[in-house]
J.: 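So that we are looking at the same thing, I have put the structure below in structure tokens.
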Protein chains: 2
Amino acid sequence: MARNGRPEPRTIGYSDVSLDILGGLLSFYARSMAIALNRDYDQAISEVELAHGHGKVSVLLMTHANPGIRPSVIAHFAQKDRSAMAKLIDQMKRQGLVEQRVDSGERRAHELYLTPRGEELVVQVRTIVQEQSDRFFAVLDRQDRADLLRILMTLYERHVTPLPANVPDRKATT
Amino acid sequence: MARNGRPEPRTIGYSDVSLDILGGLLSFYARSMAIALNRDYDQAISEVELAHGHGKVSVLLMTHANPGIRPSVIAHFAQKDRSAMAKLIDQMKRQGLVEQRVDSGERRAHELYLTPRGEELVVQVRTIVQEQSDRFFAVLDRQDRADLLRILMTLYERHVTPLPANVPDRKATT
DNA sequence: GTGCGATGATGGATGTCATCCACTATGGGG
DNA sequence: CCCCATAGTGGATGACATCCATCATCGCAC
């Protein structure tokens with residue numbers, strides 16, 4: 001049984017195989033980390049009704065922090081297709097977590113609000129998500145965690161979008 | 001048009017929205033980076049017939065570097081379900097890239113070999129994969145790249161499996 | 001006022017992939 | 001011989017990303 005819950009090979013040793021260039025490839029390790037992180041995260045978040053992916057958590061937290069926010073803005077920060085975002089929000093509406101109103105000043109757009117039920121869930125979700133992240137990255141020392149956060153924020157700003165001004169430790173990298 | 005090719009919101013500003021705890025959450029940034037990286041990678045790798053995910057590339061490179069390797073060993077390092085790995089290898093067999101033989105000393109297991117065609121593809125794939133990774137992480141300075149690699153390797157060893165002894169810069173972290 | 005292109009949201013089609021389960025042939029140990 | 005574990009395989013299912021088309025709305029130019 002490997003660290004990730006999958007059976008490990010039991011009839012042959014594998015400590016001397018070569019990973020070829022993968023052994024020194026940032027993208028291989030980055031994607032591998034994401035696989036492990038996703039699995040761990042999905043397990044943690046399945047305790048509440050928000051299983052699978054960051055989408056619902058992003059909607060919940062960002063709507064909480066920004067009542068009236070646009071679906072398209074959330075989609076933007078979460079790197080989610082507009083159409084997929086609409087479906088996700090529809091699901092959360094059916095779950096009784098959010099509600100939508102037409103923006104009176106721009107009737108093509110919607111404003112998102114949490115329901116009281118959604119608000120209750122926020123506290124839980126914050127705790128679960130923070131603990132999961134802390135636990136996953138606890139194998140790193142404090143300095144490495146700080147460096148990793150800084151580096152990942154840089155990558156986010158350069159590959160996704162500039163971070164809002166209110167994000168702590170954000171540096172103008174654009 | 002945002003950095004990732006998706007339309008960005010055009011009728012409202014969004015530089016002052018709050019990301020709530022996501023703004024300081026390692027797992028959010030890690031997963032966001034992976035989304036961006038996956039997209040970039042998939043674009044690069046679609047130039048050759050290995051689109052989508054690291055699976056095929058891992059099979060190709062690790063079989064090249066370790067002729068006769070077990071599917072289960074590749075699955076182990078690539079964090080892939082056995083059943084999914086079997087389907088993937090079947091696909092690559094049909095593409096004429098690999099072939100399988102029964103391991104004579106352990107007849108439950110298979111040995112994987114590349115075909116001449118598979119071998120030809122290795123050179124291309126190596127170049128593409130290396131360039132994609134280099135390009136994606138080029139936004140970081142040299143020190144940050146080195147730190148990121150070291151940190152990600154630590155995470156791999158702690159969350160996935162110990163790295164083989166032949167991997168450069170590997171440290172015993174178990 | 002009208003027309004045109006852009007915008008935000010929505011629905012649909014499609015492909016891909018992970019997960020989980022069941023099964024078969026094989027191997028090792030009691 | 002029996003039992004349990006192992007490696008590989010096939011199937012079912014659910015989730016999700018992507019891409020496309022559509023509609024209502026908006027802003028701008030003529």
Side-chain angles (χ1 to χ4, degrees), chain A residues 1-2 4-12 14 31 34-36 38-39 41-43 45-46 50-56 58-59 68-76 78-91 93-94 98 100-112, chain B residues 1-2 4-12 14 31 34-36 38-39 41-43 45-46 50-56 58-59 69-76 78-91 93 98 100-112:
Chain A
M1 182 66 77
N4 53 24
R6 287 201 174 92
E8 58 190 319
R10 302 293 290 272
T11 62
I12 195 167
Y14 50 83
R31 292 164 63 103
I35 292 170
N38 283 342
R39 192 182 306 110
Y41 174 92
D42 281 350
Q43 260 182 334
I45 210 65
S46 65
L50 302 181
H52 296 302
H54 247 120
K56 284 183 183 173
S58 298
V59 168
I69 192 170
R70 297 259 184 95
S72 52
V73 170
I74 301 175
H76 182 64
Q79 297 180 77
K80 214 166 160 60
D81 177 65
R82 291 274 181 82
S83 146
M85 177 58 68
K87 286 157 198 162
L88 181 69
I89 287 169
D90 202 54
Q91 207 176 4
K93 270 177 11 190
R94 275 187 269 110
V98 300
Q100 267 180 316
R101 291 173 214 156
V102 175
D103 185 330
S104 55
E106 167 58 85
R107 295 204 294 138
R108 294 173 289 193
H110 291 182
E111 300 173 338
L112 274 192
Chain B
M1 185 62 79
N4 54 25
R6 287 201 172 92
E8 59 191 318
R10 304 295 289 270
T11 62
I12 196 167
Y14 50 84
R31 293 163 64 99
I35 292 170
N38 283 341
R39 192 185 304 111
Y41 174 92
D42 281 350
Q43 258 182 336
I45 211 65
S46 65
L50 302 181
H52 297 303
H54 248 121
K56 285 183 179 172
S58 299
V59 169
I69 192 169
R70 297 259 182 93
S72 53
V73 171
I74 300 176
H76 181 64
Q79 299 180 75
K80 216 168 159 57
D81 177 71
R82 291 275 181 82
S83 145
M85 176 57 68
K87 286 157 196 162
L88 181 69
I89 286 168
D90 201 53
Q91 205 174 8
K93 270 175 16 190
V98 300
Q100 264 176 322
R101 291 175 215 158
V102 174
D103 185 329
S104 53
E106 167 56 88
R107 301 214 281 140
R108 291 174 291 193
H110 291 179
E111 300 172 339
L112 275 190

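A, B, ... follow the sequence lines: proteins, then strands. Residue 1 opens every chain.
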J.: Write down the atom of Q79(A), the atom of R6(B), and the distance for their closest heavy-atom approach.
T.: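 Smallest heavy-atom distance, with atoms named: O-NH1, 3.1 Å.
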
J.: Looking at dG8(D), I'd like to know if its phosphate oxygens (OP1 or OP2) sit under 4.0 Å from a side-chain N or O belonging to S72(B).
T.: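 Yes, such a contact exists.
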
J.: Measure the distance from CD1 on I69(A) to P on dA9(C) and round it to the nearest whole Å.
T.: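 Roughly 11 Å, once rounded to whole Å.
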
J.: Run the side chain to side chain donor-acceptor pair (under 3.5 Å) test on H110(B) and Q100(B) for me, step by step, so that the C-alpha distance in whole Å, both residues' side-chain angles and the decisive distance to 0.1 Å come before the verdict.
T.: CA-CA 6 Å; H110(B) 291 179; Q100(B) 264 176 322; 2.9 Å; yes

J.: So, OP1 or OP2 of dC26(D): does either fall under 4.0 Å of a side-chain N or O from R107(A)?
T.: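 Result: yes.
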
J.: With the threshold set at 4.0 Å, does a side-chain nitrogen-carboxylate oxygen contact exist between R94(A) and D90(A)?
T.: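 Salt bridge: yes.
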
J.: Answer yes or no: does a side-chain N or O of R6(A) lie under 4.0 Å from OP1 or OP2 of dT19(C)?
T.: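 Result: yes.
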
J.: When only distance counts, do a donor and an acceptor, one from the side chain of D81(A) and one from the base of dC16(D), lie under 3.5 Å apart?
T.: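 When only heavy-atom distances are counted, D81(A) does not reach the base of dC16(D) through any donor-acceptor pair under 3.5 Å.
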
J.: Would you please confirm or rule out a distance under 4.0 Å between OP1 or OP2 of dA18(C) and any side-chain N or O of K80(B)?
T.: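 Checking K80(B) against dA18(C): at least one side-chain N or O falls below 4.0 Å of OP1 or OP2.
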
J.: Rounded to the nearest Å, what distance is computed from the CD1 atom of residue I89(A) to the P atom of nucleotide dT10(C)?
T.: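 Checked: the CD1 to P distance equals 7 Å.
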
J.: Mind calculating the distance between CD (E106(B)) and C1' (dT24(C)) to the nearest angstrom?
T.: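 Those two atoms, CD and C1', are 14 Å apart.
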
J.: Is the NZ or CZ atom of R70(A) positioned over Y14(B)'s six-membered ring, under 6.0 angstrom from the centre and within 45° of the axis?
T.: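 R70(A) over Y14(B) ring: no.
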
J.: Does Q100(A) make a side-chain N or O approach to OP1 or OP2 of dT10(C) shorter than 4.0 Å?
T.: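 Yes, Q100(A) has a side-chain N/O under 4.0 Å of OP1/OP2 on dT10(C).
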
J.: Which whole-number value in Å describes the distance from N38(A) CG to dT19(C) C1'?
T.: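 Atom CG in N38(A) sits about 14 Å away from atom C1' in dT19(C).
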
J.: In whole angstroms, how far is the C1' atom of dT24(C) from the NE2 atom of H110(B)?
T.: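 That distance rounds to 12 Å.
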
J.: Return yes if the base of dG8(D) and the side-chain atoms of K87(B) contain a donor-acceptor N/O pair under 3.5 Å, otherwise no.
T.: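 Side chain to base: no pair present.
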
J.: Would you mind reading off the distance between Q91(B) atom CD and dG10(D) atom C1', rounded to a whole angstrom?
T.: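 Going from Q91(B) (CD) to dG10(D) (C1'), I get 15 Å.
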
J.: For the side chain of A109(A), counting heavy atoms from C-beta on, which of dA9(C), dA7(D), dG11(C) is nearest?
T.: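 Side chain of A109(A) sits closest to dA9(C).
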
J.: Looking only at the side chain of R10(A) (C-beta and beyond, no hydrogens), which of the listed nucleotides dT7(C), dC19(D), dA7(D) gets closest?
T.: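 Nearest listed nucleotide: dA7(D).
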
J.: Just compare dA7(D), dG8(C), dT18(D) and give me whichever is closest to any side-chain atom of P9(B).
T.: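 Of the candidates, dG8(C) comes closest.
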
J.: What's the spacing between E8(A) CD and S72(B) OG if we round to 0.5 Å?
T.: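 If we round to the nearest 0.5 Å, E8(A):CD and S72(B):OG are 10.5 Å apart.
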
J.: Please report the distance, rounded to the nearest Å, between CZ in R31(B) and C1' in dC16(D).
T.: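 Those two atoms, CZ and C1', are 13 Å apart.
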
J.: Taking the nucleotide of DNA chain D with the nearest heavy atom to each, does R108(A) or M85(B) sit closer to the 5' end?
T.: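 First, find each residue's nearest nucleotide; the 5'-ward one identifies M85(B).
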
J.: Hey, is the side chain of R82(B) poking within less than 4.0 Å of OP1 or OP2 on dA7(D), counting only N and O atoms?
T.: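 Yes, R82(B) has a side-chain N/O under 4.0 Å of OP1/OP2 on dA7(D).
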
J.: Nearest whole angstrom, please: distance from the C1' of dG8(C) to the CG of D90(A).
T.: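 Those two atoms, CG and C1', are 15 Å apart.
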
J.: Do N38(B) and R31(A) come within less than 4.5 Å of each other through their side chains, counting heavy atoms only?
T.: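 Counting from C-beta outward, N38(B) and R31(A) do come under 4.5 Å.
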
J.: Look at T11(A) and dA7(D) and indicate whether a side-chain polar atom (N or O) is within less than 4.0 Å of OP1 or OP2.
T.: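 Yes, within the criterion.
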
